[in-house]
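Let me begin by presenting the structure, written as structure tokens, before commenting on it.
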There are 2 protein chains.
Amino acid sequence: MNDELIQIGRQAKQAATKISQLDTVTKNRILSQFADELMNQTDQILTANQQDLTAATQMPAKFTDRLKLTKQRIKDMAEGLRQVAALPDPIGNIDRGWTNEAGLLIEQKRVPIGVIAMIFEARPNVTVDASALTFKSGNAVILRGGKEALHSNLALADALRYVLRKNHLDENMIQILHDTSHQTADELMHLNEYLDVLIPRGGAGLIQAVLKNSTVPVIETGAGNCHIYVDESAEEKIAVDIVVNAKVQRPSVCNAAEKLLIHQSVAQRLLPPIAKALTAHGVELRGDEQSRKIVDTIKPASPADWSTEYNDLIMAVKIVPDEQAAIEHINHYSTGHSEVIITDNYQNSQTFLNQVDSACVYVNASTRFTDGFQFGFGAEIGISTQKLHARGPMGLKELTTTKYVIRGNGQIRN
Amino acid sequence: MNDELIQIGRQAKQAATKISQLDTVTKNRILSQFADELMNQTDQILTANQQDLTAATQMPAKFTDRLKLTKQRIKDMAEGLRQVAALPDPIGNIDRGWTNEAGLLIEQKRVPIGVIAMIFEARPNVTVDASALTFKSGNAVILRGGKEALHSNLALADALRYVLRKNHLDENMIQILHDTSHQTADELMHLNEYLDVLIPRGGAGLIQAVLKNSTVPVIETGAGNCHIYVDESAEEKIAVDIVVNAKVQRPSVCNAAEKLLIHQSVAQRLLPPIAKALTAHGVELRGDEQSRKIVDTIKPASPADWSTEYNDLIMAVKIVPDEQAAIEHINHYSTGHSEVIITDNYQNSQTFLNQVDSACVYVNASTRFTDGFQFGFGAEIGISTQKLHARGPMGLKELTTTKYVIRGNGQIRN
């Protein structure tokens, strides 16, 4: 284990104790100063970002678009910080409290988790978003971004750390790794003594690597092989609108739909208009044999298609004999993110909601609503597709834990 | 990966889907039949237990005492099953619900986790306790007990599985590994495709091994290096009573106190009566230099003592200059289980409760209250000393997760 990383871990743990004791007014004031400072340092940030962009000229446009900062994007980040300042603070809330038989007053109080590490790729805005959310929820954060965004990330973190120093607070409440080697990332995944949780943000490859290697507890986010099942009683307009919206409104994100299952008795009637609308939006369709008999422009799906998250204008289609087959298919292939039934049948809606085992299950709405902002949380650190601790969109509350605070007057146990 | 284990995992996953759909009345009826069947099969269970005991004649008495079943112990297990039947069912509860801006009704509903695996040592009662709690909370369970208890565990599980079959339910809702090799335990820790969580129950060695090796999410339970800090303003009687109770009432368990910190200004007055009372109960004291100047029968403590969980009639004593030093010592050496301040000072009580980072923090009460039954949960699967998912005593609710159930009428995202 490299000494520098241990030092960073130790500093984070010390800073975590201090940040956990900050009151809400102070935290909100700092968040608003973070925003001001990003605006003040816009030129330095853009210069640093230009260094990263110059080094990335060989990368695809999609990549450099994520990496690129502009005045407007910095303004948006500052606005995001002010929005987090305006959110209610979960820390200190008493979730429940009671007096036990021995007369002890037992309260379950919401407290910060401690030290949160994040491993992410080439989006510099994650530096600011993650710092805002961890700061507001009273946690110290260690950020390890992709090497392609290092200058940008350092410039952003410098602005935030400057505000902390100016306020005589421990700047190590927010730390960023200068060393972006794979080896250091791997060591970070084993820094159990100092880290309470590790949250990877990025593509499926990154998340799987972290899940497989980390001994620090991980929150798995963002794996989204989402399904829409069009039931026998689905209305055509609702089916077309929702499938198109869920697939094409923003195909690169985890809550975009990837699979379409259709009940065999309505496939003949509903698949053609749905396929036509999708094709008009440039979606490539891949399907099973039955679907290809109905719409001959559908390409054949391979077995791998059913478990693939495309994050692109591609959708796989399967005709199912009944709702139960759809539910079984979903529970087998889904990543447990978001699934939809389009139906007008009460019993089928209930069955789907009860039996589909995913973070978010919908009747007659687009998967694109699985999002902290759409849910009304005001912020989002990611969408958890695991079952422990947090499931679904994660806001500030999901960055906290609880402790039991117990007041007695001399009680001993018999 | 061995095929048998994969088969067991697959069976558990199938059974989990079925058990998740059982209503409370059915689950309670089965739990009560579990109890009846244990009573019916008492002779077979005792015969199987005798086989284990015969093979364990070389083991220490403490070990065989845990292993041994009697008519009374079987009756107690049956009573435990009936108590779990009487507890409220957390499944199906709506934790919160609201309508978002787009008009979607979003409800966060409590659902089972899925498949829970437990690795435990030589206490056959864990087979029944764990089955009762996982069954009531709608989860399938895979039990891997110690090889020394295999016949007893199989006999107990047979009785439970017989009840499931008799009721035309999937007997694989409760499975027990016949193969108790270390290799199979290790493979179980990597059965990510089928397991949602792994809970080790037993000594520190077992728990650390699971934490280090498992890629399946683990809930860490039962590591208890618990501290009592006697503050300047502590009343003598309360201090003596609580320290003695926390140390001697049941020294082998994780919520027994292991360390005593005393404010230097009261050490001269309070350490002698506390030490006298502990010694009278057969407790061996180990202390720092200052404490040994006050009570000369205290043996010298080694650095390792501060982080050791004795689970025995041993306690280490340290004189601290002030409350802040006590808090820092605790936050450095504690396993994060339960810590107590004995004080009559309001501000110091607040500081301790706010700054000590453990699952349970007490003012003026014994650590021995950290227990699902004492908390009023009616049951306990263990005491979590980690921060994610569950912290402190874990009852039925901690064996559940949530999913978002969302009802719309055609909403798409703009």
Side-chain angles (χ1 to χ4, degrees), chain A residues 17 20-21 98 100-102 104 106 108 111 113-114 196-197 211-212 215 217 219 235 237-238 241-242 244-246 249 331 349 353-355 357-366 368-370 374-376 386-389 391-393 401-413, chain B residues 17 20-21 98 100-102 104 106 108 111 113-114 196-197 211-212 215 217 219 235 237-238 241-242 244-246 249 331 349 353-355 357-366 368-370 374-376 386-389 391-393 401-413:
Chain A
T17 304
S20 74
Q21 304 298 314
W98 68 98
N100 81 345
E101 289 186 355
L104 294 174
I106 303 175
Q108 189 173 20
V111 297
I113 290 177
D196 293 296
V197 59
L211 277 174
K212 203 178 151 193
T215 49
I219 297 181
E235 260 188 49
K237 183 175 162 22
I238 288 183
D241 287 354
I242 289 176
V244 169
N245 182 260
Q249 200 246 357
N331 284 340
S349 74
L353 293 175
N354 286 334
Q355 295 187 11
D357 186 21
S358 290
C360 299
V361 285
Y362 290 86
V363 181
N364 296 349
S366 170
R368 292 277 295 118
F369 285 102
T370 301
Q374 295 296 324
F375 267 44
Q386 64 179 36
K387 292 181 178 178
L388 291 191
H389 187 70
R391 197 179 192 200
T401 181
T402 59
K403 73 177 172 191
Y404 287 106
V405 169
I406 302 142
R407 292 181 175 85
N409 48 16
Q411 280 86 348
I412 60 173
R413 193 163 153 192
Chain B
T17 304
S20 74
Q21 304 298 314
W98 67 97
N100 82 345
E101 289 186 354
L104 295 173
I106 303 175
Q108 190 174 19
V111 297
I113 290 177
D196 292 295
V197 60
L211 277 175
K212 204 178 148 195
T215 49
I219 297 180
E235 261 188 48
K237 183 174 161 23
I238 288 183
D241 287 355
I242 289 176
V244 169
N245 182 260
Q249 200 245 358
N331 284 342
S349 73
L353 293 175
N354 285 334
Q355 295 187 11
D357 186 22
S358 290
C360 300
V361 286
Y362 290 86
V363 181
N364 296 347
S366 169
R368 291 277 295 118
F369 285 102
T370 300
Q374 296 296 323
F375 267 44
Q386 64 178 38
K387 292 181 177 178
L388 291 192
H389 186 69
R391 197 178 190 200
T401 181
T402 59
K403 73 176 172 190
Y404 287 105
V405 169
I406 302 143
R407 291 182 176 85
N409 49 16
Q411 280 85 347
I412 59 173
R413 193 164 153 192

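Every chain is numbered from 1 and lettered A, B, ... according to where its sequence line falls, protein lines coming before strand lines. Keep in mind that this is a model prediction, so the values were computed, not measured.
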Inset, instruction - Counting only heavy atoms closer than 4.5 Å, note whether A/Ile406 contacts chain B via side chain, backbone, both or neither. - result: both
Heavy-atom pairs under 4.5 Å with chain B are the metric here; pick the option from [options] that has the most.
options                                : value
A/Asn331, A/Ile106, A/Val111           : A/Ile106
A/Leu211, A/Ile242, A/Thr215           : A/Ile242
A/Lys212, A/Gln386, A/Glu235, A/Gln355 : A/Gln355

Legend entry - Distance in Å, B/Arg407 CZ paired with A/Tyr362 OH, rounded so as to fall on 0.5 Å steps: 13.5 Å
Inset, instruction - With rounding to the nearest 0.5 Å, note down the distance linking CD in A/Gln411 to CG in B/Asp241. - result: 11.5 Å
How far apart are the closest heavy atoms of [X] and [Y], and which atoms are they?
X        : Y        : result
B/Ile412 : A/Asn245 : CB-CG, 3.4 Å
A/Leu104 : B/Ala365 : CD2-CB, 3.5 Å
A/Lys403 : B/Asn354 : NZ-O, 3.3 Å
B/Arg413 : A/Gln374 : NE-NE2, 3.1 Å

Inset, instruction - Return the option, out of B/Cys360, B/Ser20, B/Ser349, B/Ala246, with the maximum number of heavy-atom pairs under 4.5 Å with chain A. - result: B/Cys360
Inset, instruction - Please determine, among B/Ile238, B/Ile219, B/Leu353, the option with the most heavy-atom pairs under 4.5 Å with chain A. - result: B/Leu353
Inset, instruction - Please flag which part of B/Ser358 lies under 4.5 Å from any non-hydrogen atom of chain A: side chain, backbone, both or neither. - result: backbone
Inset, instruction - Examine whether an atom of B/Ala359 lies under 4.5 Å from a heavy atom of chain A, and if so say whether it belongs to the side chain, the backbone or both; otherwise answer neither. - result: backbone
Inset, instruction - Under the salt bridge (Lys or Arg N to Asp or Glu O under 4.0 Å) rule, collect the residues that match up with B/Asp196, sequence neighbours excluded. - result: A/Lys387
Inset, instruction - Taking the six-membered ring for Trp and the single ring otherwise, decide whether the centroids of A/Tyr404 and B/Phe375 are under 6.0 Å apart. - result: yes
Inset, instruction - Take A/Leu388 and B/Ile113 through the test side-chain contact (heavy atoms from CB on, under 4.5 Å) and record every step on the way to the result. - result: CA-CA 8 Å; A/Leu388 291 191; B/Ile113 290 177; 3.9 Å; yes
